[in-house]
Amino acid sequence: MTDRKKQLKQDYVQGSRPAGVFQIRNTLNEKVFVGSSTNLPGIFNRHEFQLKAGGHPNKKLQADWNELGAENFAFEVLEEIKPQEIANYDLKADLDFFEDLWLEKLAPYDERGYNEKKMTRVERLKMIAENRSRD
């Protein structure tokens with residue numbers, strides 16, 4: 001491998017990738033799927049690969065992709081987050097916070113999008129209690 005290729009590979013491995021909140025937008029009906037990732041280019045590649053292969057875990061998104069075609073979907077960054085170089089910084093917590101803000105703003109559920117509503121803290125605690133009582 002040439003020195004240039006080695007350097008490019010090393011830069012890729014060591015380099016920080018853009019993190020943030022994204023959407024996959026159906027350009028025909030404006031339905032969206034909202035998510036977040038510490039590696040935006042990587043998550044776009046993953047979703048696109050899964051959709052092209054017909055194995056995306058979101059069945060409603062997959063069905064529309066199959067019916068309408070890849071050309072009718074846009075992969076877009078909603079919010080890029082720059083990791084902070086401070087002690088005890090939690091990038092994942094920031095991603096979760098900003099994803100929740102975008103979910104609240106866009107409400108991409110039911111006829112407006114492809115996301116499933118997250119359970120509230122109370123709903124999760126109730127589910128945990130029910131599961132424990134069955135054991």
What's the spacing between Thr38 OG1 and Asp94 CG if we round to 0.5 Å? 12.5 Å

4.5 Å side-chain heavy-atom contact, Glu104 and Glu99: no

Residues Lys118 and Asp100 bridged, charged N to O under 4.0 Å: yes

Point-to-point distance, once rounded to the nearest 0.5 Å, from CD of Glu79 to CG of Leu95: 10.0 Å

Heavy atoms of Glu130 and Ser133 approach each other most closely as O-OG, 2.8 Å

To the nearest 0.5 Å, atom NZ of Lys59 lies from atom CG of Asp64 at 13.5 Å

For Val32 against Asn115, the heavy-atom pair lying closest together: O-OD1, 3.7 Å

4.5 Å side-chain heavy-atom contact, Arg112 and Lys31: no

Same cluster (ILVMFWY, side-chain, under 4.5 Å), Leu91 and Leu101: yes

Under a 4.5 Å cut-off applied to non-hydrogen side-chain atoms, are Leu103 and Pro108 in contact? yes

Using a strict 4.0 Å threshold on nitrogen-to-oxygen distance, state whether Arg46 and Glu48 make a salt bridge. no

Rounded to the nearest 0.5 Å, what separates atom CG in Asn29 from atom CG in Asn72? 9.5 Å

Measuring only between side-chain heavy atoms, which start at C-beta, is Leu125 closer than 4.5 Å to Arg121? yes

Report the distance from atom NZ of Lys105 to atom CG of Leu78, rounding to the nearest 0.5 Å. 8.5 Å

Is there a side chain to side chain contact (heavy atoms under 4.5 Å, CB included) between Glu116 and Lys60? Walk through the geometry before answering. CA-CA 10 Å; Glu116 297 290 327; Lys60 293 187 295 183; 4.0 Å; yes

Residues that, via side-chain heavy atoms closer than 4.5 angstrom, fall in one hydrophobic cluster with Ile24: Phe22, Leu28, Phe33, Leu40, Ile43, Phe44, Leu51, Leu61, Trp65, Leu68, Phe73, Phe75, Val77, Tyr114

Carefully, step by step, assess Gln62 and Asn58 under the rule side chain to side chain donor-acceptor pair (under 3.5 Å). CA-CA 6 Å; Gln62 183 69 64; Asn58 187 304; over 6 Å; no

What is the minimum heavy-atom distance between Tyr89 and Lys82, and which atoms define it? OH-O, 4.1 Å

Strictly by modelled atom types, are Asn26 and Glu30 linked by a side-chain donor-acceptor pair under 3.5 Å? no

With a 6.0 Å cut-off (strictly less than), is the heavy-atom count around OH of Tyr109, excluding the residue itself, greater than 12? yes

For the CZ atom of Arg124 and the CE atom of Met119, what is their distance to the nearest 0.5 Å? 7.5 Å

